[in-house]
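In what follows, a structure is listed as structure tokens, so that the remarks can point back to it.
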2 protein chains.
Amino acid sequence: MGDPADQLDDYTSDCRARVAFEVLANRWDSVVVFTIAAYGPMRPTALLTRIGGISPKVLNDALRRLEYNGLMERRPYPEVPPRVDYALTEAGNALLEPMQAMGAWASRYADAVLDAQERFEVREAYTRPGAARRRRISLPGNAE
Amino acid sequence: MGDPADQLDDYTSDCRARVAFEVLANRWDSVVVFTIAAYGPMRPTALLTRIGGISPKVLNDALRRLEYNGLMERRPYPEVPPRVDYALTEAGNALLEPMQAMGAWASRYADAVLDAQERFEVREAYTRPGAARRRRISLPGNAE
DNA sequence: CCGCATCCCCCGCGATACTG
DNA sequence: CAGTATCGCGGGGGATGCGG
């Protein structure tokens with residue numbers, strides 16, 4: 001864990017390291033993983049209320065994608081009414097620690113990011129009046 | 001760094017931790033950050049050849065987005081022909097360690113991810129013949 | 001050499017409505 | 001309750017061409 005170049009071939013040749021970011025690249029995937037890591041296997045409805053602000057369809061998309069990527073296991077029970085829950089796989093569990101490292105970075109630098117966006121927009125408005133809007137990072141307190 | 005619930009409020013309330021993933025959510029952003037972390041400030045053309053497989057336009061998009069998010073600093077020189085280079089900010093540098101943690105996970109589990117995708121598709125072909133194609137993680141050795 | 005302007009495609013998000 | 005079917009929208013990836 002010293003020289004960044006140690007992992008560099010992972011990017012320039014076959015980019016293996018990128019896999020870690022791609023499996024969490026979508027908006028809700030990391031939220032779902034983290035929630036289940038914190039509370040254990042959960043049913044979709046529980047996730048809906050626990051997370052908040054996510055629709056059933058989008059949650060289902062996320063769960064299937066996580067299953068597809070091997071981070072989550074779907075566990076259906078042969079009952080009626082239907083019951084299912086989702087649990088982390090070994091790979092999903094192993095991802096938790098790196099995710100916490102990213103989270104620690106965020107709690108330290110999230111304000112810096114938002115400030116940078118703010119200053120960038122001011123600067124751009126001055127030098128390029130007609131500039132296209134950029135994609136801000138959307139936080140609940142951030143909503144327009 | 002023990003209980004995942006310690007960071008959980010970051011997700012359910014204002015989702016601060018998500019910022020860390022959003023700033024690297026796009027395909028090339030992590031590659032660019034990592035390359036510059038390894039080799040120091042670089043000019044766009046150098047990045048183009050070093051990284052490979054990325055077009056000038058897409059690289060420029062990535063650089064501007066990274067600048068917008070406060071991870072990179074654009075440093076133009078008043079010369080002709082024009083010269084520019086990009087360097088990591090403090091926030092960008094601080095991101096390197098968490099990124100390496102993610103990279104370590106990837107080198108351990110990337111194959112598991114690809115296997116999971118493979119098995120998922122086989123399973124799905126059996127139970128849902130008309131299923132829509134899913135978005136595979138694209139690696140150079142992976143290209144169709 | 002830098003990077004902007006276009007154009008196209010794909011896909012995730014989100015809302016809504018419906019079935020077993 | 002779990003999951004699917006649609007539809008619209010927005011935005012990134014990629015290719016190409018132009019201008020400072």
Side-chain angles (χ1 to χ4, degrees), chain A residues 15 18 21-32 42-49 51-69 72 74-86 124 127-138 143-144, chain B residues 15 18 21-32 42-49 51-69 72 74-86 124 127-138 143-144:
Chain A
C15 303
R18 235 184 43 216
F21 296 96
E22 298 231 356
V23 294
L24 295 177
N26 299 301
R27 177 165 190 191
W28 295 105
D29 293 7
S30 63
V31 183
V32 172
M42 287 180 75
R43 307 177 60 181
T45 34
L47 283 167
L48 276 179
T49 61
I51 293 174
I54 183 175
S55 75
K57 182 262 200 180
V58 172
L59 173 63
N60 192 46
D61 287 351
L63 288 169
R64 297 312 255 257
R65 191 166 42 231
L66 290 169
E67 186 192 7
Y68 177 64
N69 289 331
M72 305 262 292
R74 181 175 177 275
R75 308 189 300 186
Y77 300 83
E79 300 177 1
V80 36
R83 183 164 65 96
V84 192
D85 65 12
Y86 290 84
E124 198 173 44
T127 56
R128 284 183 60 208
R133 290 167 198 157
R134 292 182 177 271
R135 177 161 184 73
R136 281 209 204 199
I137 292 180
S138 59
E144 188 167 345
Chain B
C15 304
R18 236 184 42 218
F21 296 96
E22 298 233 355
V23 294
L24 295 177
N26 299 302
R27 176 164 190 193
W28 295 106
D29 293 9
S30 63
V31 184
V32 173
M42 286 180 73
R43 308 179 59 183
T45 34
L47 284 166
L48 276 179
T49 61
I51 293 175
I54 182 175
S55 76
K57 181 263 201 179
V58 171
L59 172 63
N60 193 45
D61 286 351
L63 289 168
R64 298 311 257 255
R65 191 168 40 232
L66 291 168
E67 185 193 7
Y68 177 65
N69 289 331
M72 305 263 292
R74 182 175 177 274
R75 308 188 302 186
Y77 300 83
E79 301 176 1
V80 35
R83 182 162 66 94
V84 192
D85 66 11
Y86 291 82
E124 197 173 44
T127 55
R128 287 183 58 207
R133 290 167 198 157
R134 291 181 179 270
R135 176 160 185 70
R136 281 211 204 198
I137 292 181
S138 58
E144 187 167 346

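All chains are named by letter (A, B, ...) in the order of the sequence lines, taking the proteins before the strands, and each is independently numbered beginning at 1.
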Under 4.0 Å, heavy atoms only, any strand: does B:Pro82 hit a base, just the sugar-phosphate, or nothing? base

Atom-pair distance (CG on A:Leu47; P on D:dC1), nearest Å: 14 Å

Once you round it to whole Å, what is the distance between C1' of D:dG11 and OH of B:Tyr68? 13 Å

Nearest of C:dG3, C:dG12, D:dA15 to any side-chain atom of A:Arg65? C:dG12

Side-chain N or O of A:Thr45 closer than 4.0 Å to phosphate OP1/OP2 of D:dA2: yes

According to a strict under-4.0 Å criterion, is B:Asn60 in side-chain N/O contact with OP1 or OP2 of C:dC2? no

Distance, rounded to the nearest Å, where A:Asn26 contributes CG and D:dG11 contributes P: 16 Å

What's the shortest heavy-atom distance between A:Arg43 and A:Pro82, and which atoms? NH2-O, 3.9 Å

Output for pair (A:Glu67 CD, B:Glu124 CD), nearest 0.5 Å, gives 9.0 Å

If each of B:Val84 and A:Pro56 is mapped to the nucleotide of DNA chain C with the nearest heavy atom, which maps nearer the 5' terminus, i.e. the 5' end? B:Val84

Nucleotide C:dC10, atom P - distance to CZ of B:Arg27 in whole Å: 15 Å

Quick one: is B:Arg43 getting a side-chain N or O under 4.0 Å of the C:dC2 phosphate, OP1 or OP2? yes

When we call it a touch if two heavy atoms are under 4.0 Å apart, what does A:Arg128 touch: a base, just sugar-phosphate, or nothing? sugar-phosphate

Looking only at heavy atoms, the pair that brings B:Arg18 and A:Arg27 closest together is CD-O, 3.5 Å

Short side-chain N/O contact to D:dG14 OP1/OP2 from B:Trp28, under 4.0 Å: yes

Need one value for A:Arg134: base, sugar-phosphate or nothing, where a base atom within 4.0 Å counts as base even if backbone is also close, heavy atoms only. nothing

Regarding A:Tyr86, tell me which of base, sugar-phosphate or nothing describes its non-hydrogen contacts under 4.0 Å with the strands shown. sugar-phosphate

Closest non-hydrogen atom pair between B:Tyr86 and B:Pro44, with its separation: CE1-CG, 3.9 Å

Selected nucleotide, minimal atom distance to A:Arg135 side chain, candidates C:dG12, C:dT16, D:dG12: D:dG12

Atom CG of A:Leu48 and atom P of D:dG3: how far apart are they, to the nearest Å? 11 Å

Look at all strands and tell whether A:Val58 reaches a base, only sugar-phosphate, or nothing, counting heavy atoms closer than 4.0 Å. base

Heavy-atom closest pair (A:Leu63 atom, A:Val32 atom, distance to 0.1 Å) is CD2-CG1, 3.8 Å

With respect to the phosphate group of C:dC2, does any side-chain polar atom (N or O) of B:Arg74 fall under 4.0 Å of OP1 or OP2? no

Specify the separation, in whole Å, of atom NZ of B:Lys57 and atom C1' of C:dC9. 12 Å

Under 4.0 Å between a side-chain N or O of B:Arg64 and OP1 or OP2 of C:dG3? yes

Of B:Asp29, B:Val23, B:Asn60, the one forming a side-chain contact (heavy atoms from CB on, under 4.5 Å) with B:Arg65 is B:Asp29

Classify A:Arg133 by what it touches in the nucleic acid, base, sugar-phosphate, or nothing, heavy-atom distance under 4.0 Å. nothing

Specify the residue among A:Ile54 and B:Pro81 whose closest nucleotide of DNA chain C lies further upstream toward the 5′ end. B:Pro81

Between atom CG in A:Leu63 and atom C1' in D:dG3, what is the gap in whole Å? 11 Å

What is the distance, rounded to the nearest whole Å, between atom CG of A:Asp61 and atom P of C:dG14? 11 Å

